[in-house]
There are 4 protein chains.
Amino acid sequence: MSNRKEEILEKSIELFNEKGCIATSTRHIADALGISVGNLYYYYKNKEEIIIAIYEEFMNTLSGQLSTVREDIDSSFDFYLFLEEHMELEKKYRFFRLEMNAIIQNHPKQKEKLELGIVKKSQEFRNLYSHQMKYGYLKKLDESELDFIRSNTWIIGSQWEIYWILKKVENEKLRRIKGILNILYFIKPYLTKKGLEESNLLESIDYLKKEISDVK
Amino acid sequence: MSNRKEEILEKSIELFNEKGCIATSTRHIADALGISVGNLYYYYKNKEEIIIAIYEEFMNTLSGQLSTVREDIDSSFDFYLFLEEHMELEKKYRFFRLEMNAIIQNHPKQKEKLELGIVKKSQEFRNLYSHQMKYGYLKKLDESELDFIRSNTWIIGSQWEIYWILKKVENEKLRRIKGILNILYFIKPYLTKKGLEESNLLESIDYLKKEISDVK
Amino acid sequence: MSNRKEEILEKSIELFNEKGCIATSTRHIADALGISVGNLYYYYKNKEEIIIAIYEEFMNTLSGQLSTVREDIDSSFDFYLFLEEHMELEKKYRFFRLEMNAIIQNHPKQKEKLELGIVKKSQEFRNLYSHQMKYGYLKKLDESELDFIRSNTWIIGSQWEIYWILKKVENEKLRRIKGILNILYFIKPYLTKKGLEESNLLESIDYLKKEISDVK
Amino acid sequence: MSNRKEEILEKSIELFNEKGCIATSTRHIADALGISVGNLYYYYKNKEEIIIAIYEEFMNTLSGQLSTVREDIDSSFDFYLFLEEHMELEKKYRFFRLEMNAIIQNHPKQKEKLELGIVKKSQEFRNLYSHQMKYGYLKKLDESELDFIRSNTWIIGSQWEIYWILKKVENEKLRRIKGILNILYFIKPYLTKKGLEESNLLESIDYLKKEISDVK
DNA sequence: TATGAATGAGAGTTCATTCAT
DNA sequence: CATGAATGAACTCTCATTCAT
């Protein structure tokens, strides 16, 4: 991909995260890059294309980062590592989570793309939970309950930030730590004794709690 | 409050839920009410004022509906009743949840109001959980964990819909049922044996699962 | 209709005739009237609506002016009077004839309207010719020939101007006289002896020829 | 002329006829040819130049095809052959007829070129009619009438298509046949008895009428 | 109270044209 | 010859807001 095309994407992400996707006009982006609007439209035929391209970039990074649980190996999942990576990604593309519904309303094409994303994520969670259940790290749950745990994982994992914004946690890093804790605490009650002992979930929680007081 | 002022609020809520808060123009609202734009601005000095007024209405309804757990009485919480009421309210003001961030970006004043709301809700959850813990319906949890359970309750309780929209559940009622199940399943692992036996949580889950297959 | 709405129409017609319909932007119109673009769009929701409104005005004037041949009365048609009126109308809305195809390409909705217009005009010519044939002013022609005479009448009657523009007849009035002569001469060979004697066609031709030399 | 230059012309004609001259951008042309815009501008310094070049090509073809009536030979004109050729040419450059006025408005330089074209055509018609009159195929007409018959020939011969488009004749070939009939019927009343008997005009009409019913 | 005409900034987008390479 | 990135003006259209009546 040409450099300029990539630049536009990066600057767009930056501005979208800063001022919101809808509130950022194509002129804003062009100005921020010091190029003409015409030039912007040379690379992307409309604003929606930019959003789609960003989402595709996001999805690709997602794929590369997919949890590496191996079906045949009995090992506890490294929650901390996974969430750190997950959060890093979510950070870069946070405007998606935050404006998801408004984006859908404005750009119907984008909806389909987002739907694909959710399917992918769901699949990932399902694999992960099944694996951990199989080897006794996770309590046995029926299909229906598992289904809702998966959806709750997605909801918490992608919508935590708005809560901490409204709770006036201004520091971005702090917010992110709290977001990770949201997920860790959410998972905790589903772990078996073995799970609690052999995974790093509890340690991770302790570590992050210390981080919070350090930041403060 | 004058009748006309109230009418504007109701019609605005209706339109915001239908087409989105940002996508609904002041002209839309005026037209839908059969009044002039000028008249609209006579009652509310700008669009933000309308949103704020709606939020205030929301908060007032919230207060009137606050959980009626009584500190001194040993009784299990009626989850089903509570959530039904909660969801009824959320339904009426769903555009808030769905466009929260975009609203904040466009209307900074509104942010403060929303912050107040979250404090209120948190307080409510805290009271509820403490009470249930005291009488042994809920497992004992340390302060920190309880904090995150409260935030998770808020996150799930207010952000579930976007998930089911993206999962292509088109039927609104169905979505709402699934939303309730999200919360019920979330709470479940925190219940003690006594809690499970004496509360109506499990029955509620069963009931709603049946409802889902009926709708289908 | 409000005054302003009418003003916009009149000014639009003026500019469309002057600089062409496609070359005239909504800003041009607004500027020429000394109003804001927003105000223009308050009256017409887009440019196409303006064009449609103009065409409707044109069609209405047309209806009011429809040839008054009376089926049951044996009288020669007053060519001169008819064409004078016809040309006056065509003059006001000349941009339609001149840019017809470009308008169609840009505004598909407009095509249907124009189609209706042609049907109306065709009908009128048919009535006229039939009547004149019945009373022996016009030579007897078979259905097929009559059909093509009708279409030729339309073509000459609405497309004459481009010819005289290209022939460098700069004077608008002169062009219009020549346009009338185009039609009169076109009709001439279809008249019977009776038609030539009793109608004012030949006199009209003479009169207009004199007018031309006077203008020069 | 270089091959590439010719290619650009041909593709432009194709696109202009398809989507309209104004609606076709320089980028469209370049893309359709698989070359760059810059390259297009290397061959033609602007869009107008392309249009002018097309018109010149048109005029050249016209010259090569000029009616071969020989002053000194008494022979009836072959209407059918002439019109078939004429229509073939008109078909290739139909966008000129259809967008003539819009082109003039957008490209003033082009006007002069078009004016030359009309002079040429007029001359041709004059020669033709004079010749046929001299040998008694055409009725004797005074100078003035002849002048208007020439202009009417041009008007019908170049503006027939818009009528049939608006009459919803979608089939291009059918439209062209009707266009030829427009001209043949137009000429018919000017033919003498000798002209009707010895020319192929009447046969041509019959032939084309049959063609129309065949296409249907 | 109520009207609705008017404003003006700004949105997304297109396009002929230029020019360094 | 050829590329294609870059420009900038112009286009259509929207919308929150104001204000004379």
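So that the names make sense, note that chain A is the first sequence line, chain B the second, and so on, each numbered from 1.
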* Structure fact -> From CD1 of Ile29(B) across to P of dT3(E) the rounded distance in Å is 15 Å

* To do: Between Gly34(A) and Ala23(B), name the one whose nearest nucleotide on DNA chain F is closer to the 5' end.
  => Gly34(A)

* What nucleic acid atoms does His28(A) come within less than 4.0 Å of, heavy atoms only: base, sugar-phosphate, or nothing? -> sugar-phosphate

* Compare side-chain N and O positions of Tyr42(C) against OP1 and OP2 of dC15(F) and report whether any pair is under 4.0 Å apart. => no

* Roughly how many Å is it from CD1 in Ile22(D) to C1' in dA16(E), rounded to a whole number? -> 14 Å

* Structure fact -> Regarding the side chain of Ser36(B), the nearest nucleotide among dT12(F), dG4(E), dA6(E) is dG4(E)

* Value in whole Å for how far the P atom of dT14(F) lies from NZ of Lys47(C) -> 15 Å

* Indicate whether OP1 or OP2 belonging to dA11(E) is found under 4.0 Å from a side-chain N or O atom of Ser25(A). => yes

* To do: For the pair Tyr55(A) and Phe96(A), name the ring-plane relationship: parallel under 30°, tilted 30 to 60°, perpendicular over 60°.
  => perpendicular

* Asked: Lys168(B) side chain to Glu115(A) main-chain N or O, any donor-acceptor pair under 3.5 Å?
  -> no

* Asked: Can you tell me how far P of dA2(F) sits from NZ of Lys45(D), to the nearest Å?
  -> 20 Å

* Asked: Does OP1 or OP2 of dT17(E) have a side-chain N or O of Tyr44(D) closer than 4.0 Å?
  -> no

* Earlier contact from the 5' end, DNA chain E, for Tyr43(C) and Ile35(B) -> Ile35(B)

* Kindly say if Asn39(B) contacts the phosphate of dT1(E), meaning a side-chain N or O under 4.0 Å from OP1 or OP2. => no

* Under a 3.5 Å cut-off for both distances, is dA2(E) Watson-Crick or wobble paired, and to whom? -> dT21(F)

* **Separation of dT1(E) P from Leu33(B) CG (nearest whole Å)** => 16 Å

* To do: Check the distance between dC15(F)'s C1' and Leu40(B)'s CG and give it to me in whole angstrom.
  => 13 Å

* **Tyr41(B) side-chain N/O to dT17(F) phosphate OP1/OP2 under 4.0 Å** => yes

* Structure fact -> In Watson-Crick or G-U wobble terms, with both distances under 3.5 Å, the base opposite dT7(F) is dA16(E)

* Are Lys11(C) and Glu18(C) close enough for a salt bridge, meaning some N to O gap below 4.0 Å? -> no

* Examine dA6(E): is either OP1 or OP2 under 4.0 Å from a nitrogen or oxygen in the side chain of Arg4(C)? Give yes or no. => yes

* To do: Rounded to the nearest angstrom, tell me the gap between atom CG in Asp31(B) and atom C1' in dT14(F).
  => 14 Å

* Structure fact -> Taking a pair to mean Watson-Crick or G-U wobble geometry with both distances below 3.5 Å, dA11(E) pairs with dT12(F)

* Structure fact -> Sorted by position of nearest nucleotide on DNA chain E, 5' first, the leading residue of Glu48(A) and Val37(B) is Val37(B)

* Asked: Roughly, in whole Å, what's the span from CG in Asn3(C) to P in dG4(E)?
  -> 17 Å

* **Aromatic ring pairing Phe95(B)/Phe16(B), orientation class (parallel under 30°, perpendicular over 60°, tilted between)** => perpendicular

* Any sub-3.5 Å donor-acceptor pair from Arg27(B)'s side-chain atoms to Val37(B)'s backbone N or O? -> no

* Measure from the side-chain N and O atoms of Glu99(A) to the backbone N and O of Cys21(A), and report whether any donor-acceptor pair falls under 3.5 Å. => yes

